[in-house]
Amino acid sequence: MGSPHAVGIVGLGVISGQYLDTLVGSSAVRITAVADLDRSRAASVAERIDGCRVLTTDELVADDDVATVLNLTIPAAHAEVALAAIAHGKHVYGEKPLAATFDDARRMTDAAAAAGVRLGSAPDTVLGTGVQTARAAIDRGLIGTPVSAAATWISGGHESWHPHPDFYYRTGGGPLLDMGPYYITSLVQLLGPVVAVSGAASRSRSEREIGSGPRAGERVAVEVDTHLAGILHHASGAISTVTMSFDGDASTAHPIEVQGVDGALVVPDPNTFAGDVLLHPRGGDWRRLGPSAGYVDAGRGVGLIDLVAGHGRADGAMALHALEIMTLLQRSAESGVREPLTTTRDRPSLVPLTAAGAWRTA
Ligand SMILES: NC(=O)C1=CN([C@@H]2O[C@H](COP(=O)(O)OP(=O)(O)OC[C@H]3O[C@@H](n4cnc5c(N)ncnc54)[C@H](OP(=O)(O)O)[C@@H]3O)[C@@H](O)[C@H]2O)C=CC1
Ligand SMILES: O=C1CO[C@H](CO)[C@@H](O)[C@@H]1O
């Protein structure tokens, strides 16, 4: 085991707590600095972590004791923060989507390649035992050749619980760019890269009302489509259908179902790391598959540990491919035309079943 990798975090909002839960207890990394537009937010985190300093974002991305910048800002700031870090020779791992637009994301992957630094991105939930066990089942031929998949995520919108939900209704948000990364990345993990997409989209309202927190009752303008249906053509010949919506209420649909010539598979919620994988072999009954692959008891940040360890299963190429799929679904919804992809990403290597004690000390 080498010395812990130095990580600086930019953005200490709602999701940062889950990352801190994973990373502060890991001997693979140490948090050396934090930064937020609201300095007091950064200070209250730093005081709980030994040796952690409060810096400005500009200071943090240039700091000698930061090797990787963990970018937990809102989508509109992902590219700016990442490009500044890359310009200082830092590795970057960030929240999803990779950037608010495909062009910005492309600038990030190009800059990282030119600088020779690693770029990674959420979702890393797909490296947990849920999606990885489902993938292992497909790889072992338990459903035969995969033919199709259906992915569904439907809610009434995050403004009911998030204290600052503005970004969910701006470029880089909407149900597709917000929740799509979990489902689209899973579909690429399960069925391989996508070569073309077709989409249809709608928007039910021009404003949303914040439901909780200090701004409860305030209205937020809706600048993006809030219901999206799409078709993904995989290079393998398999076809996936996706529904991502802030315009529903509740759903009993499985998060992801995969149909093959010899059976069917239910994949658990890809916004979580674990969950039941169900197999229906042709002519048999539904049965639960025990975990056979993936990081056990993982939490947000395991993708950063995987990147630092040199695997890079949640890398910039995967996130760029997922973002292009989503961007072109939206473009197809506007044009009515099937859109071919320009990017691809082979399936990363399967994560072997790895106990928490092992990946936390990688
Ligand atoms: N909330 C959730 O449950 C989840 C969120 N995510 C993703 O995580 C990311 C962050 O979401 P969330 O934590 O909810 O958002 P929040 O708005 O709660 O937090 C974002 C934080 O980043 C700060 N920030 C914004 N721009 C900069 C900048 N340029 N430099 C430094 N700090 C900056 C914000 O400061 P200020 O508020 O002062 O502007 C805020 O403190 C998003 O990409 C989201 O998609 C992923 C999984 C779950
Ligand atoms: O990425 C995300 C995962 O789940 C959350 C809701 O449960 C979202 O708010 C979020 O942006």
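Both ligands and their constituent atoms are indexed starting at 1 by order of listing.
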Original post:
Relative to ligand 1, is His162 under 4.0 angstrom through side chain, backbone, both or neither, heavy atoms considered?
Top reply: side chain

Original post:
Is Val10 touching ligand 1 with its side chain, its backbone, both, or neither, if touching means heavy atoms under 4.0 Å apart?
Top reply: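 For Val10, only side-chain atoms sit under 4.0 Å from ligand 1.
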
**OP:** Walk me through it: do His164 and Ile74 pass the test side chain to side chain contact (heavy atoms under 4.5 Å, CB included)?
**Re:** CA-CA 10 Å; His164 303 288; Ile74 57 172; over 6 Å; no

Please could you name the atoms of ligand 1 that [X] approaches to less than 4.0 Å, counting only its heavy atoms?
| X | result |
| --- | --- |
| Thr57 | 30 (N), 31 (C) |
| His78 | 43 (O) |
| Pro75 | 42 (C), 43 (O) |
| Tyr168 | 1 (N), 2 (C) |
| Arg300 | 47 (C) |
| Tyr182 | 46 (C), 47 (C) |
| Leu72 | 10 (C), 20 (C) |

Using modelled atom types only, decide if a donor and an acceptor are shared between the side chain of [X] and the backbone of [Y] within a distance under 3.5 Å.
| X | Y | value |
| --- | --- | --- |
| Arg41 | Leu37 | no |
| Asp124 | Gly303 | yes |
| Lys90 | Asp63 | yes |

**OP:** Walk me through it: do Phe246 and Ser155 pass the test side chain to side chain contact (heavy atoms under 4.5 Å, CB included)?
**Re:** CA-CA 5 Å; Phe246 286 165; Ser155 89; 4.2 Å; yes

Distance-only N or O hit between ligand 1 and [X], under 3.5 Å:
| X | value |
| --- | --- |
| Trp161 | no |
| Ile15 | yes |
| Ser16 | no |

**OP:** Let me see the working for Arg287 and Leu278 under side chain to side chain contact (heavy atoms under 4.5 Å, CB included), right down to the final yes or no.
**Re:** CA-CA 6 Å; Arg287 70 180 162 90; Leu278 304 177; over 6 Å; no

Below 4.0 Å from ligand 1: does a non-hydrogen atom of [X] turn up there or not?
| X | result |
| --- | --- |
| Tyr19 | no |
| Gln18 | no |
| Arg41 | yes |

Distances under 3.5 Å, N/O of ligand 2 against N/O of the protein: list each pair and its distance.
unit_1, atom_1, unit_2, atom_2, d
ligand 2, 1 (O), Lys96, NZ, 2.6
ligand 2, 1 (O), Tyr182, OH, 2.6
ligand 2, 4 (O), Asn271, ND2, 2.9
ligand 2, 9 (O), His158, NE2, 3.4
ligand 2, 9 (O), Tyr168, OH, 2.6
ligand 2, 11 (O), Lys96, NZ, 3.3
ligand 2, 11 (O), Tyr168, OH, 3.1
ligand 2, 11 (O), Asp178, OD1, 2.6
ligand 2, 11 (O), Asp178, OD2, 3.4

Original post:
Could you walk me through whether Asp103 and Arg107 pass the salt bridge (charged side-chain N to carboxylate O under 4.0 Å, His left out) check?
Top reply: CA-CA 6 Å; Asp103 288 347; Arg107 273 190 273 282; 5.4 Å; no

**OP:** Tell me which protein heavy atom sits closest to atom 46 (C) of ligand 1, plus the residue, atom name and distance to 0.1 Å.
**Re:**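 Closest protein heavy atom to atom 46 (C) of ligand 1: Glu95 OE1, 3.2 Å.
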
Does atom [atom1] of [X] have more than 12 heavy-atom neighbours, drawn from other residues, nucleotides or ligands, at distances under 6.0 Å?
| X | atom1 | value |
| --- | --- | --- |
| Asp297 | CG | no |
| Arg219 | CZ | yes |
| Glu80 | CD | no |

Original post:
Taking it one step at a time, do Val194 and His321 satisfy side chain to side chain contact (heavy atoms under 4.5 Å, CB included)?
Top reply: CA-CA 8 Å; Val194 170; His321 188 51; 4.1 Å; yes

Subject >> Per atom 35 (O) of ligand 1, closest listed option by heavy atom (Thr56, Asp36, Val34) >> reply: Asp36

Original post:
Do Gln330 and Asp225 meet the criterion of a side-chain donor-acceptor pair at a distance under 3.5 Å?
Top reply: yes

Original post:
Less than 6.0 Å separating the ring centroids of Trp153 and His254?
Top reply: no

Original post:
Do you reckon Val296 sits in the same ILVMFWY cluster as Leu289, going by side-chain contacts under 4.5 Å, direct or chained?
Top reply: no

